Number of protein chains: 2
Amino acid sequence: MTPSDPRTAATRRALLDAATDALREVGYAGASAREIARRAGCNQALVFYHFDSVTGLLLAALDDVSERRLAEYRDTLAGARTLRELVDAAERVLAEDVDAGHVAVLTELLVAAASVPGLDVEVEARLAPWRALAQDAVARAFELVPLAGMVPPEEAAHVVVATLLGLELLAGAGDGLATTDRLFDRARTVAALLEPEPGPSAGPDRATEASRAPRPRTARP
Amino acid sequence: MTPSDPRTAATRRALLDAATDALREVGYAGASAREIARRAGCNQALVFYHFDSVTGLLLAALDDVSERRLAEYRDTLAGARTLRELVDAAERVLAEDVDAGHVAVLTELLVAAASVPGLDVEVEARLAPWRALAQDAVARAFELVPLAGMVPPEEAAHVVVATLLGLELLAGAGDGLATTDRLFDRARTVAALLEPEPGPSAGPDRATEASRAPRPRTARP
DNA sequence: GTCTATACTTGGATAGAC
DNA sequence: GTCTATCCAAGTATAGAC
């Protein structure tokens, strides 16, 4: 479906990346064809040639980011065996996304979906795999805590997704991001309380050393 | 500060209400001076005469909504004595806000704050009282549950605010609102588990009858 | 495939009549 | 205080040259 001409692919790639950056830095309202093309270093008309419309490009950018990030999430979460490891994995991969602005792409389009006529179904469809992933993670966590079964995984997953998006939202204005770090520390504390002993066979704190290394933090422009 | 001329007040009132409606229905991107004036039934130039700029009007609308809703929240939460009552109160007042679109005003401006240059400090300032309110409610709840003190109220409040905003965000696209109802049912279930006996003196289920009455639901346009 | 040029639309903002 | 008229900037989208 994608043409094999290398120049075409390069332009499309540049536009997709530029669209992501634009959504992160100037939001949906500021992500115009001209603004994106300027960032991509190409002409404004190419947006319409390759993606029909600005909205088409933005949705394609969301597809692009989702595909790559979902793979990363699935791999990382698959390796987690304890509640602690689950929290650590979530922190690692989520922090990466927040820093790179991948979450912002989703939130911006989600907000726009509430107003722009046909956009809601498109965004909802692209949100579905994330719901499924969250539900999977929640189901896994529920196997590990005594309270499991009190809350259906779909609803818990819905709240999890909502919370992550809300945190990203608050990070946009004000001090939000600073607290997100400490947040995961708290989550670990709570996890330690909820989690039953994983058995005395393994070392006492295997997951700790690897995951507690200070993560490099990229500043927002 | 507000002039006493009734006609002036009426126009300002109409513009504020129209701005709220516009933010809810067409989002920040669609809330132009012309669009708002059309809804208010007056001329586009009056936006600039009374509020200097479109952004000025939108922030004034946020002030207006916040002031009224904060009073309502404080009253409702003040009356809650048990965890169950706290959850019930939160559901009642929050559902009202979601239906009327008051939360949307905040989310829209919050998202815009991430992109529009000077907007972040303005919105952050107006978010502060809500943070404080959430912190108060959380602190109250923590007095009632055994796990209290594990998590500092500021961080918990931050998460609470984020979750509510996230739920509103998801409600915009897709089936979000439907699950919000069931969500509070789950919260009640969890609350019942966490809450120690309130003492055998009071009747067994005083709060139940009053707050479980089916709430009238207004549909989104 | 990519660019320039352009038609058309919408929005922010101001001047001046009433 | 409110309206009409208007200027100007920015955006979507298309036609046609290269």
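FYI, side chains are in, hydrogens and waters are out, and symmetry mates aren't considered; it's all heavy atoms of this structure. Being a predicted model, the structure only gives us computed values, none of them experimental.
- Looking at heavy-atom distances under 4.0 Å, B/Glu35 makes no contact with the nucleic acid at all.
- The B/Phe48 side chain lies nearest to C/dG12 when the options are C/dG12, C/dC3, D/dA13.
- Spacing between atom CG of A/Leu46 and atom P of D/dC18 amounts to 18 Å, rounded to whole angstrom units.
- Distance from the side chain of A/Thr11 is smallest for C/dT2 among the nucleotides D/dA15, C/dT2, D/dG1.
- Comparing atom distances between the B/Asp5 side chain and each of C/dA13, D/dG1, C/dT2 picks out D/dG1 as nearest.
- Here A/Ala33 lies in heavy-atom contact (under 4.0 Å) with sugar-phosphate atoms only.
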Take B/Arg188 and B/Asp88 through the salt bridge (Lys or Arg N to Asp or Glu O under 4.0 Å) test and state the conclusion after the steps. CA-CA 8 Å; B/Arg188 266 184 287 271; B/Asp88 284 338; 2.5 Å; yes

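- Between B/Glu35 and B/Arg38 a salt bridge is recorded (basic side-chain N to carboxylate O distance below 4.0 Å).
- The nucleotide whose nearest atom lies closest to any side-chain atom of B/Arg34 is, among D/dC3, D/dT2, C/dA13, C/dA13.
- Nucleic acid contact class of A/Val47 (heavy atoms, under 4.0 Å, all strands): none.
- Rounded to whole Å, the distance from OH on A/Tyr49 to P on C/dA5 is 21 Å.
- The listed nucleotides are D/dA13, D/dT2, C/dG12; the one nearest the side chain of A/Ser53 is D/dA13.
- The listed nucleotides are D/dA13, C/dA13, D/dT2; the one nearest the side chain of A/Gln44 is D/dA13.
- Rounded to whole angstrom, the span from the NE2 atom of B/His50 across to the C1' atom of C/dA13 amounts to 16 Å.
- In the set D/dG1, D/dA13, C/dA13, C/dA13 carries the atom at the smallest distance from any side-chain atom of B/Val54.
- Rounded to whole angstrom, the span from the CZ atom of B/Phe51 across to the P atom of D/dT2 amounts to 11 Å.
- One interatomic measurement links the two molecules: CG of B/Leu57 to P of C/dA13, which rounds to 12 Å at whole-angstrom precision.
- When the C1' atom of C/dT2 is taken as reference, atom CZ of A/Arg12 falls 15 Å away, rounded to whole Å.
- Whole-Å rounding puts the B/Arg38 CZ to D/dC3 C1' distance at 18 Å.
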If you apply the rule salt bridge (Lys or Arg N to Asp or Glu O under 4.0 Å), what do you find for A/Glu96 with A/Arg92, and how did you get there? CA-CA 6 Å; A/Glu96 214 177 311; A/Arg92 227 175 310 130; over 6 Å; no

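- In this structure, CG of B/Asn43 is placed 16 Å from P of C/dC18, rounded to the nearest angstrom.
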Salt bridge (Lys or Arg N to Asp or Glu O under 4.0 Å) assessment of B/Arg182 paired with B/Asp185: CA-CA 5 Å; B/Arg182 276 183 291 166; B/Asp185 286 339; over 6 Å; no

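- For B/Ser32, counting side-chain heavy atoms from C-beta on, the closest listed nucleotide (C/dT14, C/dG1, C/dG12) is C/dG12.
- A salt bridge links A/Asp64 with A/Arg13: the distance from a Lys NZ or Arg NE/NH1/NH2 to an Asp or Glu carboxylate oxygen falls below 4.0 Å.
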